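Have a look at the structure below, then the notes.
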Amino acid sequence: MARSTSKDAQDLFRALWSAYSATPTNLKIIDLYVMYAVFTALIQVVYMAMVGSFPFNSFLSGVLSCVGTAVLAVCLRIQVNKENKEFKDLAPERAFADFVLCNLVLHLVIMNFLG
Amino acid sequence: MAAVRAPPPFPLFLVLALSISAAIAAAATTVLQPISDHHRSAALNLLVPSHGSFHSLQDAYEAHRVFEILGIEEKQRVSTDTCKEVLENLRSSSSSLKDLFYALKVNGILKCKVNGEVFKGIASRLKASISDPSPLPDLYYSIGSLVLIKGQDSNVDVLLADATGTFQSIKALSQSDGKWRYSSNKTESSAYATGLALEALAGVISLASSEIDQSKVNTVKSDILKLFDSIEKNDDGNFYFHEESVGGHEHQDSLSTTSSVVRGVTAFAAEVSGEINLPGDKTLGLANFLLGTGIPGNAKDFFNQVESLAFLESKRVTIPLILSLPETVYSLTKKGQLKVRVSTALGSAAPPLIVKLVRAFSSGAKDSTIIESKELQYDKRSGLHVLDAFTNNVDVGSYVFVFEIVLHDSRSEQVYATGGQIHVPIYVTGNIEVSNAEIGVLGDLGSAETKKTLDLAGNGIVSLSANHLQKLRLSFQLTTPHGHVFKPHQAIFKLRHETKVEHMFVIGNVGKKFEITLDFLGLVEKLFYLSGKYDIELTVGDAAMENSFIRLLGHVKLDLPEAPEKAAQPPPPPVDPYSRYGPKAEITHLFRAPEKRPPQNLSITFLALILLPFLGFLIGLLRLGVNLKNFPSSTVPATFAMLFQLSIGAVLLLYVLFWLKLDLFTTLKTVGFLGALLMFSGHRILSYLASTSTKLKSA
């Protein structure tokens with residue numbers, strides 16, 4: 001029973017992976033970028049758990065920088081995805097320009113808060 | 001009765017020294033000393049210029065005049081320089097009237113060699129200036145200078161042709177109260193100006209070619225008498241002239257005003273025939289006022305004081321005689337003599353006279369006359385009048401002696417002013433006998449439990465012990481050499497606990513017996529319930545008591561009940577008053593302790609860990625086969641693409657700089673500039689990319 005469960009799981013993951021492989025490359029790049037940001041945030045959280053939250057503002061700005069970037073990247077992915085009919089009329093270049101602008105504003109605030 | 005924590009034991013001798021000096025200071029206001037060698041040495045210190053020459057001719061004159069009056073031979077040292085200055089001033093036709101006046105005055109003392117022609121030139125210049133209407137000081141200097149020339153060179157014609165007119169023009173400045181104005185357009189009269197005017201009038205009389213009408217002189221005489229009616233009297237009963245502030249002229253203090261009036265009046269009195277009947281008490285009051293300033297601290301006051309005293313002695317007015325005492329403290333133990341000196345204000349000998357002690361009374365009780373009409377013996381050798389032995393009823397204490405000067409020759413009464421009865425405070429001191437001193441602890445029923453005899457003159461100390469139900473009693477007797485009761489200023493009993501808490505009690509007396517009984521039952525609260533060893537200290541002191549003492553009598557061990565909860569706490573120890581001027585305690589600032597930082601290795605490890613996801617990101621990109629094929633190949637879009645990337649990089653770099661050192665304003669300004677660049681280039685490249693992709697789609 002257990003063996004069959006693990007096999008099922010393997011099958012499930014394989015199916016998922018093959019389905020994901022069909023995703024366009026530019027979306028994969030964004031996914032990779034989001035993963036990168038999330039892992040960086042996780043490492044900072046682990047560090048904070050080990051040594052304590054002082055200085056708290058630095059910790060916050062570090063983590064929020066990563067999370068904010070990830071969120072913005074997700075937004076970019078939504079807008080760039082051709083499957084999303086909602087953003088059909090929006091050129092991907094326009095979405096990228098928004099992404100750049102939001103990132104710059106976000107990081108201005110982050111840098112101010114970094115201390 | 002005060003409770004204090006041990007102030008540093010205040011030395012009794014200091015208390016006594018203070019009280020005696022206070023007493024002497026009080027006495028000095030009534031007992032004046034004539035000019036003496038103290039004045040001479042002060043004059044040398046004050047008036048000899050430290051760097052060889054005087055500040056001005058006026059200073060030079062004042063110094064030389066003081067030396068002349070006091071008989072100090074100080075001319076040689078500074079006279080050559082001064083003479084040079086005098087000659088320069090006299091020869092110059094542009095020197096002011098005031099400078100001329102003082103140059104001539106200095107010349108009068110130093111006798112510099114001045115050519116007769118020079119005097120003639122000055123005299124004609126001065127005469128011309130007198131005939132012009134001019135303010136009082138100018139007239140004063142001109143006439144004064146002419147008088148001086150008359151005295152220094154008899155060949156020069158200095159006589160005034162229109163002396164009466166000049167006299168009139170000066171007299172016209174006088175006012176109804178006997179005072180003069182500075183000039184005809186002034187309304188305020190001034191005592192200082194009066195002095196100048198009188199001296200000028202005296203000069204006019206001496207320079208007159210024909211005699212001035214006697215009636216005019218008499219009006220001035222009556223003016224002088226009026227002036228003396230307005231004389232001021234100070235708290236010591238001395239007379240002086242006072243100057244209200246007069247607009248436009250330098251304000252003169254009382255000393256220079258008085259001095260000016262004295263100079264003017266004596267100069268006038270010297271020139272006119274007949275007496276000016278100035279009351280003797282006024283001249284004596286003036287002399288007392290001048291002497292009352294002591295030894296002045298500046299050259300100007302010194303000159304005013306000494307010169308005025310010299311004028312008062314110049315036989316033109318009644319000469320004040322000053323009664324002074326070398327000592328106003330008489331010691332019964334030393335059996336000294338009470339000495340009185342009578343001299344003129346400048347210290348020269350008085351005419352033959354007798355000093356009478358009219359009466360003497362205790363300063364506390366005016367009616368209790370202890371000595372009545374006694375003549376003092378004149379001691380020819382010392383020139384002092386001596387009161388030999390005091391009668392037996394003169395005991396320790398402070399007294400007022402009333403003296404009177406009686407001149408031998410009745411004619412000299414016209415010449416000298418003796419001032420009637422002179423009150424002088426005298427302190428009689430002596431050894432006070434302390435006897436029958438006893439200290440003891442009494443039981444609650446008053447029965448003597450312990451009683452010890454004390455020898456207060458010796459050093460023996462006693463040890464006692466008592467509880468709160470008992471009493472401590474100290475008694476002693478104070479008697480004067482004549483066996484009277486003596487009540488000292490200070491008779492203080494002091495208890496000092498080991499913890500330096502002090503309690504003072506004033507000892508009262510019944511008749512001869514001084515006694516204090518401390519009932520500890522009533523005092524426990526005042527003693528703050530502090531049991532333990534107390535030092536007993538007794539202070540008996542008085543300005544007239546030669547054997548004042550402060551001594552430790554012994555100790556008493558007190559056994560007091562426990563303090564109830566609400567009892568007052570002993571006062572905090574007094575702060576040493578001198579510590580106020582010492583360095584303050586160093587201020588230590590409290591800072592928040594810095595947070596504990598993690599070990600550096602851990603942080604560096606995590607820095608490396610942070611790089612791992614980035615590495616993963618790069619590997620992932622490679623795996624996906626990312627390329628830059630979409631990068632525009634033609635020049636213009638490629639440039640814009642590069643520009644776009646560069647400006648994003650620049651903004652990020654700016655953010656790093658903002659983090660490291662820039663402030664928000666600089667950052668925002670630069671961001672504004674870079675943002676414009678970024679927008680432009682971004683817009684160009686992105687719209688290019690969009691157009692190519694739509695072309696691809698449509699194709």
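Please read these numbers as outputs of a predicted model, since none were measured by experiment. Each chain gets a letter, A, B and so on, in the order the sequences are listed, and its residues count up from 1.
Neither the backbone nor the side chain of B/Leu654 comes within less than 4.5 Å of any heavy atom of chain A. Neither the backbone nor the side chain of B/Ile685 has a heavy atom closer than 4.5 Å to any heavy atom of chain A. Heavy-atom distances place both the backbone and the side chain of B/Ser603 under 4.5 Å from chain A. Contact annotation for A/Val46: both backbone and side-chain heavy atoms come within less than 4.5 Å of a heavy atom of chain B. Heavy atoms closer than 4.5 Å to chain A are found in both the backbone and the side chain of B/Tyr655. Only the side chain of A/Phe54 comes within less than 4.5 Å of a heavy atom of chain B; its backbone N, CA, C and O stay farther away.
Aromatic pair B/Phe640/B/Phe680: centroids less than 6.0 angstrom apart.
Ranked by heavy-atom pairs under 4.5 Å with chain A, the first of B/Ala690, B/Gly620, B/Ser693, B/Gly625 is B/Ala690. Between chain B and the residues A/Leu101, A/Thr25, A/Val51, the largest count of heavy-atom pairs under 4.5 Å involves A/Val51.
A distance of 10.0 Å separates NE2 in A/His107 from OG in A/Ser61, rounded to the nearest 0.5 Å. A/Asn26 CG to A/Arg77 CZ: the interatomic distance, rounded to the nearest 0.5 Å, is 9.0 Å. Atom CG of B/Leu521 is separated from atom CG of B/Asn467 by 9.5 Å, given to the nearest 0.5 angstrom. Taking NE2 from B/His683 and CD from A/Glu93, the interatomic distance works out to 11.5 Å, rounded to the nearest 0.5 Å.
Contacts from residues 607-614 of chain B to chain A, taken as heavy-atom pairs separated by less than 4.5 Å, involve B/Leu609, B/Ile610, B/Pro613, B/Phe614 in sequence order. Taking 4.5 Å as the heavy-atom cut-off, the residues of residues 583-598 of chain B that approach chain A are B/Glu595, B/Arg597, B/Pro598, ordered by number.
Screening B/His503, B/Glu498, B/Lys557 against B/Tyr534 for a side-chain contact (heavy atoms from CB on, under 4.5 Å) leaves a single residue, B/His503.
Between the B/Asp663 side chain and the B/Thr666 main chain, a donor and an acceptor come within less than 3.5 Å of each other. Side-chain atoms of B/His497 come within 3.5 Å of backbone atoms of B/Ser531 as a donor-acceptor pair (strictly under, hydrogens ignored).
For the pair A/Thr69 and A/Phe99, the tightest heavy-atom approach, listed with the atom from each and the gap, is O-CE1, 4.5 Å. The nearest pair of heavy atoms linking B/Ser691 to B/Thr694 is O-OG1, 2.8 Å. Of all the heavy atoms in B/Leu560 and B/Leu530, the pair that sits closest is CD1-O, 3.5 Å.
Looking at A/Arg14 and A/Asp11, a side-chain N of the basic residue comes within less than 4.0 Å of a carboxylate O on the acidic one, giving a salt bridge.
Here the side chains of B/Leu652 and A/Leu104 are in contact, with some heavy-atom distance below 4.5 Å.
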